[in-house]
Amino acid sequence: MMALMRRTKVQEADFLVVGSGIAGVRAAIELARAGRVLVLSKGELYESSTEYAQGGIAAALGEDDEVSLHLHDTLQAGDGLCREEAVRILVEEGPRLIHELIEWGMKFDRNGTKLAFTREGAHSRSRVLHAHGDSTGREILRALMAKAKSLRAIQLQPYAFAVDLLMEGERVAGVEYLDEKTGALNQVRARAVLLATGGMGQVYKETTNPSVATGDGVAIAGRAGAMLSDLEFVQFHPTALYVKGAPRFLLSEALRGEGGQLRNIDLERFMPRYHEAAELAPRDVVSRAIVMEMQRNQTEFVYLDLTGLDPEHVKRRFPRIYSTCLEYNLDITADLMPVRPAAHYAMGGVATDLRGATDLAGLYAAGEVAATGVHGANRLASNSLLAMAEGETSAAAAPPEKSQTPTAVPSLGGEASPVELEKTLTTVRDVMWEKVGIIRKGKELSEAVNRLQSLAVPLPATPSRQYYELINILEVARAIARSALAREESRGAHYRTDFPLKADAKPPRHSFLSRDTGVQFSVEIPRRAGSSAAGARDR
Ligand code: FAD
Ligand code: SIN
């Protein structure tokens, strides 16, 4: 049966932003100075990782802090793979961006009149600002949305699922989107498109990410031929609440920053055996240590112990975590919390330069979907909310160009039910969790590549968001698995038992992958197909 795919609308904007999390909304505010901005977002406007960000936002604003220390800590966490110029911009711009948020109405927590800072893993200073205790992202988004809604040049459009880019020859000319309310496929044509679609945690069976984090931007850019980079670097957060059948609710690293301890099933505090910074070691170290303890003791979780902290302080400081855990009959001030790692953040994504430009003319990326090199092989905690700076001026740099008629889109047809789509999704997420997870091996990575390659997305009768998300998840999963197999070393969040050490290459190389090439390793973005590639092709 032919799918009912009617294109009912063609909209125009100067700038099109896809995604309404911190990166998309912050960029829209900046772009509104230069023209009309349309922000498309799938589902509800506020549904994003930003909305759930807990611990906070890092900036060198404390009296004992320096931008140079924030720079140093970020480079250390990135394990040799950060682009230093990008990190410099991040840490130098950070304090200004915080003040700007405050001007726009953001209410950070304070001690008296002074901003309150907390400590998180791998930070040498307490530099993480927070709001409503553990609802930092929600407060940021509230302030940004209020600012955006006050600007007439910005139009926010929810329930608009971006499916693919519209191309005019080699140039990106807009986006085709699914109207989730009517099922129609519409188009927006724009001078420049900024992808701000967030992360890809849903590629894994266990994740802290909300359901919208399906890697759409990476898949969309990849299908259009854009260069993707460093996809093998997936950060697993050490402490997601482990309650069978429930989503992996995040228990913020700030809980450990305030003195929370990790204990194994025998109630032994094990982190000092693994790292001198104990519970505040880099996330990859803590996640691996937890997996090793679980394997050693044949258990499915370890405990996060907050019982040594003042209960009133814990309730005040972490009200959202406290009340959410109570829904599972767990009192964080009195009970040991069962936790284990879950996929949390993608360091890799669509390769961009320092201004967010991809290697496709007219296409930009910002926020978690972008691989600017700012996080290297491992992101320093609370640095991603700050990375909104990347979207700031990006698309404004695009030259105005008259849109032409977009290319046609092929029709769909099939009989697969939502249950069948769900089955394929479960297979992909299981393969990724079991074979491309926290501790990796070449043999299992090869098996994953083959298994994912053999899977096909069944065709439903009509196109749906579920169907498009599954296509994206499968494509992103394949790209992560191929990149992880190609990187024959252990670095940052990518750990392989068959290559437990870092490779000798100096400086270390990023991985790049595109529709037209295999995985290549290079210091800079390789030139597009047709020109001579800068990096050595590995496979
Ligand atoms: P998001 O905020 O995820 O926004 C993406 C937007 O794109 C959403 O609106 C989504 O609906 C939309 N979208 C996606 N695909 C499509 C499509 N096909 N069409 C249309 N719209 C689309 N980082 C910190 O620095 N500090 C923290 O304390 C912190 N805590 C976190 C806690 C949790 C539970 C999680 C999951 C992450 C946390 N992070 C934290 C990471 C941080 O929240 C994210 O990296 C950051 O918010 C990403 O912002 P973004 O704007 O790039 O993406
Ligand atoms: C957390 O609160 O632990 C998450 C912080 C982050 O991902 O940066």
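All values below come from the heavy atoms of this structure, side chains included, with hydrogens, waters and symmetry mates left out. For ligands, and for the atoms within them, numbers begin at 1 and follow the listed sequence.
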Could you list the atoms of ligand 1 found under 4.0 angstrom from a heavy atom of Gly21? 2 (O), 4 (O), 6 (C), 9 (O), 51 (O)
Using a 4.0 Å cut-off to any heavy atom of Phe161, which atoms of ligand 1 qualify? 18 (N), 19 (N)
Can a donor-acceptor pair be found, under 3.5 Å and without considering hydrogens, that links the side chain of Thr136 to the backbone of Ala53? no
Test side chain to side chain donor-acceptor pair (under 3.5 Å) applied to His313 - qualifying residues, sequence neighbours left out: Glu258
With heavy atoms under 4.0 Å as the rule, classify the contact between Asp216 and ligand 1 as side chain, backbone, both or neither. side chain
Side chain, backbone, both or neither: which applies to Val18 and ligand 1 if a contact is any heavy-atom pair less than 4.0 Å apart? side chain
Best match, Ala53, Gly24, Ala27, Gly367: closest heavy atom to atom 31 (C) of ligand 1: Ala53
Distance under 6.0 Å and angle within 45° of ring axis: Arg379 vs Tyr345: yes
Can you sort out which atoms of ligand 1 are near Asn209, meaning under 4.0 Å from one of its heavy atoms? 36 (C)
Checking heavy atoms under 4.0 Å, the part of Leu250 that sits near ligand 1 is side chain
May I ask whether Gly137 has any heavy atom positioned less than 4.0 angstrom from an atom of ligand 1? no
Suppose I only count heavy atoms of Ala160 and a 4.0 Å limit; which atoms of ligand 1 are within that range? 19 (N), 20 (C)
Test of proximity, Pro210 against ligand 1: N or O pairs below 3.5 Å: no
Would you say ligand 1 has an N or O under 3.5 Å from any N or O of Gly199? no
Establish, for the pair Arg191 and Phe15, whether the NZ or CZ atom is under 6.0 angstrom from the six-membered ring centre and no further than 45 degrees off its axis. yes
Identify, by atom number and element, the atoms of ligand 1 in contact range of Gly55, meaning under 4.0 Å from any of its heavy atoms. 28 (O)
Answer side chain, backbone, both or neither: which part of Glu469 comes under 4.0 Å from ligand 1, heavy atoms only. neither
Hey, is Ala370 one of the residues with a heavy atom under 4.0 angstrom from ligand 1? no
Any idea which of His130, Lys42, Arg465 brings a heavy atom closest to atom 20 (C) of ligand 1? Lys42
Pocket residues around ligand 2 (non-hydrogen, under 4.0 Å) come out as Gln54, Gly55, Glu120, His237, Leu250, Ser252, Glu253, Arg283, His344, Arg379, Ala381, Ser382
Where ligand 1 meets Thr208 - atom numbers and elements under 4.0 angstrom, heavy-atom basis: 34 (C), 36 (C)
Using 30° and 60° as the class limits, which term best fits the ring planes of Trp433 and Tyr204: parallel, tilted or perpendicular? perpendicular
Geometric N/O contact Glu368 with ligand 1, under 3.5 angstrom: yes
Suppose we measure from atom 38 (C) of ligand 1 to each protein heavy atom; which comes out shortest, and what is that distance? His344 CE1, 3.6 Å
Within ligand 1, which atoms have a heavy atom of Ala23 less than 4.0 Å away? 51 (O), 52 (O)
In plain terms, say whether Glu253 and Arg256 are close enough for a salt bridge, that is, a side-chain N and a carboxylate O under 4.0 Å apart. yes
Give yes if a backbone or side-chain nitrogen or oxygen of Leu385 is under 3.5 Å from a nitrogen or oxygen of ligand 1, and no if not. yes
With heavy atoms only and a cut-off of under 4.0 Å, state how Tyr345 meets ligand 1: side chain, backbone, both or neither. side chain
Could you check which of Ala196, Pro158, Gly56, Gly19 puts a non-hydrogen atom nearest to atom 5 (C) of ligand 1? Ala196
Does ligand 1 have a heavy atom under 4.0 Å from the side chain of Glu47, from its backbone, from both, or from neither? backbone
Quick one: are the ring centres of Phe233 and His375 less than 6.0 Å apart? no
Taking atom CZ of Phe301 and atom CG of Leu241, what is their separation to the nearest 0.5 Å? 11.0 Å
Go through ligand 1 atom by atom and flag the ones less than 4.0 Å from a non-hydrogen atom of Asn383. 25 (O)
